[in-house]
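Order of appearance sets the numbers: ligands from 1, and atoms from 1 within every ligand.
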Amino acid sequence: MSNDRDRHDGDGDHELRVSKIRDGTVIDHVRGGQALNVLAILGIDGSEGEELSIGVNVPSDRLARKDIVKVEDRELSQDEVDVLSLIAPDATINIVRDYDVVEKHRVERPDVVEGVLSCPNPGCITTGNEPVTSRFTVLEDGVRCSYCETIVRDEIASLIDT
Ligand SMILES: [Zn+2]
């Protein structure tokens, strides 16, 4: 990496942080305080020996405070990236190989998310004993259960199926 590039993109600090892992994914510009929810939505808890680095409420140019999550030796799939948009709409996903950022993605809101969130309605077919995979339609300002039509606008992170 050249210093030249750092000067031009005006985000040299960001590049430095990203370059610290060898291979894996850096999820940057996560809204402050959401890092642990990001890990939960990805089903990452460290129990499989994943090497994680988490920065919480780090000063940021773009957001007042941001979180940053680094996962070594794992590249997020597009599905995982899409789901992240529900709780981290401003996130930037950096795929790192051999200390270089080889891909950079912004998250995009998916139309539906399946098998990620649990419906808060105890009478919903997806929360019973039948093996029905949860399915939510993503709205402008929340999500709607495709089975019982329950709409959740706040606390989406609390529905994450862990
Ligand atoms: Zn439901």
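Among residue pairs with one or both ends in residues 106-120, those qualifying as salt bridge (Lys or Arg N to Asp or Glu O under 4.0 Å) are E114-R135; sequence neighbours excluded. The stretch residues 30-39 participates, sequence neighbours left out, in these side chain to side chain donor-acceptor pair (under 3.5 Å) pairs: R31-D90, Q34-N37.
In this structure, the side chains of V26 and V69 stay at 4.5 Å or more apart for every pair of heavy atoms. Proximity of D28 to K66: side-chain heavy atoms (C-beta onward) are separated by under 4.5 Å at one or more points.
Judged purely by atom type and a 3.5 angstrom limit, D67 uses its side chain to pair as donor or acceptor with the backbone of N57.
Listed by chain and number, the hydrophobic cluster partners of Y147 are I125, V132, where partners are ILVMFWY side chains within reach of under 4.5 Å, directly or through others.
Any protein N/O/S atom under 2.8 Å from the Zn ion (ligand 1) was counted, giving 4 altogether.
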